[in-house]
Amino acid sequence: MNATQTLIALWTLVLKEIKRFTRIWPQTLLPPSITMAMYFIIFGNLIGSRIGDMGGFSYMDFIVPGLIMMSVITNSYSNVASSFFSNKFQRSIEEMMVSPMPNWVILSGFVFGGMARGLGVGLIVTVVSLFFTRLTMEHPLLTVLVVVLTSALFSIGGFINALLANKFDDISIVPTFILTPLTYLGGVFYSISMLPDFWQGVSMLNPILYMVNVFRYGFLGVSDIPVVWALAAIFAFIIVLFLAALMMLERGKGIRS
């Protein structure tokens, strides 16, 4: 395939993925916005008014960046995991594998589709948050960069999950037992400075902590960890997971029997 054909193939695959989740928007875009609205009401207004300030900001202002990031993470991951596994289950992925389309295009197409849903839901949640608080953005470019990188990272993670899954139940194991706990323990609802030294050290092993803190820094200008370290960690995770996913795809891991 020449460069033009490759770009056409990539765009077609991305467009297919976007049409897939927008066609069923009551299942893919609406529920996350309602769920996050409940978080804003319960944690932000009701509980937050009793907690008071967190890190020099109102509790609502403190948790909004974390909740936006949480919606981006979960939707980027779940979109690719469910979409690719559905293609694998229906064996339509085999048609892509035997086509002239390079494997990196297949991987990138699903990843970009997951990013589109994750960023779309993140934007919807951001708009919903404006009904509860007034958002300020101290570092706009950094904010956009980190949310794009995070959606890419977890889209790749969802792809790997789908590759390794043998049945539909398998694609819910990682989000339920790994992704959700790491998200809740990633500083979404609290600052790790509140924790004892030992648990602060343990929290530093949580990759989601870095993303939430950089994203919060973009909005509020405060972070529990150095921003440069966090960005370096995110880039490293993306490179490692992308290469791992590409290698598994080329070997037909979970596809060829």
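- Proximity of F219 to T136: side-chain heavy atoms (C-beta onward) are nowhere separated by under 4.5 Å.
- The aromatic rings of H139 and Y217 sit parallel, their planes meeting at an angle under 30°, below the 60° perpendicular limit.
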List the steps and the verdict of ring pair (Phe, Tyr, Trp, His ring centres under 6.0 Å) for F62 and F57. CA-CA 6 Å; F62 184 84; F57 299 90; 7.8 Å; no

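- P32 and V121 make their closest contact through CB-CG1, 3.5 Å (heavy atoms, listed as atom of the first residue, atom of the second, distance).
- Using a distance-only test at 3.5 Å, with no hydrogens or angles considered, a donor-acceptor pair links the side chain of R216 to the main chain of V188.
- When atom types are taken as modelled, the side chain of T150 and the backbone of M211 share no donor-acceptor pair closer than 3.5 angstrom.
- Considering F112, F110, F85 as possible partners of V80, the one that fulfils the side-chain contact (heavy atoms from CB on, under 4.5 Å) test is F110.
- For D61 and S58, the side-chain atoms include at least one donor-acceptor pair closer than 3.5 Å.
- Closest non-hydrogen pair, L164 versus M248, comes out as CD2-SD, 4.1 Å.
- Remark: side-chain polar atoms of T180 are paired, donor with acceptor, to backbone N or O of P175 under 3.5 angstrom.
- Counting only N and O atoms by type, the side chains of S83 and E17 include a donor and acceptor under 3.5 Å apart.
- Annotation: K16, atom NZ; neighbour count of heavy atoms from other residues, nucleotides and ligands within 6.0 Å is above 12.
- The shortest distance between side-chain heavy atoms of N87 and M96 falls below 4.5 Å.
- Side chain of N213 to main chain of D224: a donor-acceptor pair is present (N/O by atom type, distance under 3.5 Å, no hydrogens or angles).
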